[in-house]
2 protein chains.
Amino acid sequence: MAAMRKKKAVKTPKGDQTSKLILDTALEMFRERGYEQTTMRAVAEKAGVSLGNAYYYFRSKEHLIQAFYQTMHDEHVVLVLPALEKLDTMKARLLTVIRLKIDVMKPYHQFAGVLFKTAGDPQSPLNPFADEANAVRVASIQLFEKVVEGTKARIPKDLRAELPYLLWVYHMGIILFWIHDRSPKHRRTYRLIDRTVEMVDKMIYLASNPFMRPLRKHALALVDELRDAAEDIMDQEEEPK
Amino acid sequence: MAAMRKKKAVKTPKGDQTSKLILDTALEMFRERGYEQTTMRAVAEKAGVSLGNAYYYFRSKEHLIQAFYQTMHDEHVVLVLPALEKLDTMKARLLTVIRLKIDVMKPYHQFAGVLFKTAGDPQSPLNPFADEANAVRVASIQLFEKVVEGTKARIPKDLRAELPYLLWVYHMGIILFWIHDRSPKHRRTYRLIDRTVEMVDKMIYLASNPFMRPLRKHALALVDELRDAAEDIMDQEEEPK
DNA sequence: GCGGTTAGTTGAACGTGTTCAAAATTCCGC
DNA sequence: GCGGAATTTTGAACACGTTCAACTAACCGC
């Protein structure tokens, strides 16, 4: 529970229990009846605590969602790391990571859309242009670093450096797609994953080709720009054109 | 005002006035003090109407934002159409459309982020995977249809059909970036526009090349998949693999 | 065991988004 | 101009997210 985003660090085993109880209760209720339809009062009552107590552990209703996102990430990591050890092609590794992510989130399909409620918030872990202070976001991108570093594919250094971020953005897109997917067992999402992973794999291969270097450099410079949006210091014309 | 998303169609000139007054008041207050800090009570009071009256015209606070988005689109169209008549290259047309969009939204930079508050909502005009019922979204994509159809660039038919949607998604990305941009006069955003428009132009040129047809077909099929996420009918395996 | 500190818990109250029945105003046909 | 219908306006009340002062429980040093 220590990795969970909470109002304050829980100091006792009893507090740990209460915190977990509140979160579990909330997630279950979100799943059953939806996020908007679940009130904090209902969560507290079902968990057998006071409303204020729920707020003692979770600063806001939205923080429950962030805790959920953290939980999803943690579960994802647990599944991914052993799986990656058996795979060495870029394609297989990426396919596994993305599929497992959807698998992990599956029970929460109904309310997963609220994850994107703060997509425009610079502090949101889901925001591609966010500042980088968010721990889950950092950790999630690091997982893609592992995908990249463990592959046998020959990838130029400059591309290797940016790929985790790009793959992370790609995976956010897949999650967004999945949220909208109403096909049986989200077949459409898995199909899209299959196809896009294949395409991404090819693109990485193409982009790694030496004759693509100028174009690649150019594109990667743009990616760098994308990540600078949240810099709030004076823009100092870092690169001569 | 008729194009504005409201609780109910306004039936009288007086109603029109009140509706406009409320919206103008709200947007001004959003700009001055931010969306979250502006209460519906404050808007109503400043507009000189009752709180319930504000809700008579705008179903929710969020609907004010949607009316804002509609207003931005309307203003954008007014500027874009005459400008496009003077341009025929893809690059120039696209550059103009994107730049003007940022120009139009500029006064509202402070609260434009809330536009993305409903990015995960299938009904949101901003959502790339949304169902297509939203009028502003449709109209916005149609504007990019005009960009495409008025260009002298030779673009294959299949790409032409998908390009407005893709350009629209691209432009949403630019807006999201802009929201985070804190550089003076959003220089970073304009710079990114310049560079990405150039890149997009090149990609269109490349993708239009006959030897790219198989790859293009493949990619466009994926784009088609992307737009199907919101279909809530049974997935009938439309295409043989 | 006591006292002080820390951690956890409570429930009344606040602010804000929203609703809705009633009242007021406007519209329109006769 | 009147009456009925339609439209607009109102403000009290509701629901829900959130806060916070007061209380309770647990911890720890002496």
Side-chain angles (χ1 to χ4, degrees), chain A residues 1-2 4-27 29-30 32-68 111 114 117-118 121, chain B residues 1-2 4-27 29-30 32-68 111 114 117-118 121:
Chain A
M1 312 258 35
M4 233 181 304
R5 182 89 177 268
K6 285 180 293 245
K7 179 171 181 179
K8 50 189 64 170
V10 183
K11 299 293 175 66
T12 66
K14 180 140 197 281
D16 260 354
Q17 277 183 33
T18 307
S19 170
K20 187 175 188 311
L21 175 62
I22 292 166
L23 179 59
D24 290 349
T25 305
L27 294 187
M29 295 180 83
F30 290 163
E32 284 173 3
R33 55 181 83 172
Y35 178 76
E36 307 290 346
Q37 286 73 46
T38 303
T39 66
M40 293 297 282
R41 284 169 174 81
V43 172
E45 180 170 351
K46 188 158 186 182
V49 302
S50 72
L51 181 57
N53 203 204
Y55 278 103
Y56 178 78
Y57 290 100
F58 298 95
R59 186 176 296 141
S60 68
K61 192 178 180 184
E62 206 163 272
H63 279 80
L64 286 169
I65 290 295
Q66 294 188 19
F68 157 65
F111 75 94
V114 301
K117 204 158 169 105
T118 57
D121 177 353
Chain B
M1 313 265 17
M4 232 180 303
R5 182 88 177 267
K6 285 179 295 247
K7 181 172 180 176
K8 51 188 67 170
V10 183
K11 298 294 175 67
T12 66
K14 180 140 197 280
D16 260 354
Q17 277 184 34
T18 307
S19 170
K20 186 174 188 315
L21 176 63
I22 292 165
L23 180 59
D24 290 349
T25 305
L27 295 187
M29 295 180 84
F30 290 163
E32 282 174 5
R33 54 181 84 169
Y35 178 75
E36 308 291 346
Q37 285 71 47
T38 303
T39 66
M40 292 297 282
R41 284 171 176 81
V43 172
E45 180 170 351
K46 187 158 188 184
V49 301
S50 73
L51 181 58
N53 203 206
Y55 279 102
Y56 178 76
Y57 290 100
F58 298 96
R59 186 177 295 140
S60 69
K61 190 178 182 185
E62 206 163 273
H63 279 79
L64 286 169
I65 290 295
Q66 295 188 20
F68 156 65
F111 74 95
V114 301
K117 204 155 171 120
T118 57
D121 178 353

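Labels below follow one simple rule: chain letters A, B, ... track the order of the sequence lines, proteins then strands, and each chain is numbered from 1.
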Exercise. Does Asn53(B) place a side-chain N or O at less than 4.0 Å from the phosphate oxygens OP1/OP2 of dT8(D)?
Worked result: no

Problem set entry | Cation-pi geometry met for Lys61(A) and Tyr55(A) (6.0 Å, 45°) | no

Exercise. So, is Tyr56(A) close to the dG8(C) phosphate, meaning a side-chain N or O under 4.0 Å from OP1 or OP2?
Worked result: yes

Problem set entry | Distance below 4.0 Å between Thr12(A) side-chain N/O and dC27(D) OP1 or OP2 | no

For this session: Between Gly52(A) and Thr38(A), just flag the one whose closest nucleotide in DNA chain D comes earlier from the 5' side.
Result: Thr38(A)

Exercise. Roughly, in whole Å, what's the span from CD in Glu45(A) to P in dG11(C)?
Worked result: 12 Å

Exercise. Looking at the side chain of Tyr55(A), which of dT10(C), dT9(D), dT19(D) is the nearest nucleotide?
Worked result: dT19(D)

Seminar exercise, completed: From the candidates dT9(C), dT10(D), dT7(D), the one with an atom nearest any side-chain atom of Val49(B) is dT10(D)

Exercise. So which nucleotide from dT7(D), dG8(C), dC16(D) ends up closest to the side chain of Arg41(A)?
Worked result: dC16(D)

Exercise. Does a side-chain N or O from Lys14(B) land closer than 4.0 Å to OP1 or OP2 of dC27(C), or not?
Worked result: no

Problem set entry | Under 4.0 angstrom between Thr39(B) side-chain N/O and dG15(C) OP1 or OP2 | no

Exercise. Crowded around Glu45(B) CD? As in, over 12 foreign heavy atoms under 6.0 Å?
Worked result: no

Problem set entry | Test item: Ser19(A) side-chain N/O and Tyr57(A) main-chain N/O as donor-acceptor pair under 3.5 Å | no

For this session: State which of dG17(C), dT9(C), dT9(D) makes the closest approach to the side chain of Thr18(B).
Result: dT9(D)

Exercise. Given dT18(D), dT10(D), dT9(C), which nucleotide is nearest the side-chain atoms of Leu51(A)?
Worked result: dT18(D)

For this session: Select from Gln37(A) and Ala54(B) the residue whose nearest nucleotide in DNA chain D is closer to the 5' end of that strand.
Result: Ala54(B)

Exercise. So, Thr25(A) side chain and Lys46(A) main chain: donor-acceptor pair closer than 3.5 Å or not?
Worked result: no

Problem set entry | Nucleotide nearest Ser50(B) when distance is taken to its side chain, options dT18(C), dT9(C), dT9(D) | dT9(D)

For this session: Answer yes or no: does a side-chain N or O of Tyr57(A) lie under 4.0 Å from OP1 or OP2 of dT9(C)?
Result: yes

Exercise. Less than 6.0 Å separating the ring centroids of Phe30(B) and Phe68(B)?
Worked result: no

Exercise. Rounded to whole angstroms, how far apart are CZ on Phe58(A) and P on dT19(D)?
Worked result: 15 Å

Problem set entry | Glu62(B) CD to dT16(C) P, straight-line distance once rounded to whole Å | 18 Å

For this session: For Ile22(B) and dT10(D), give me the distance from atom CD1 to atom C1', rounded to whole Å.
Result: 12 Å

Problem set entry | Spacing of Glu36(A) atom CD relative to dA15(D) atom C1', expressed in whole Å | 14 Å

Seminar exercise, completed: The single option from Leu23(A), Asp24(A), Ile22(A), Thr18(A) that satisfies side chain to side chain contact (heavy atoms under 4.5 Å, CB included) with Lys20(A) is Asp24(A)

For this session: Take atom CG of Leu21(A) and atom C1' of dG8(C), then tell me their distance rounded to the nearest Å.
Result: 14 Å

For this session: Would you mind telling me which of dG17(D), dT7(D), dT9(D) lies closest to the side-chain atoms of Lys61(A)?
Result: dG17(D)

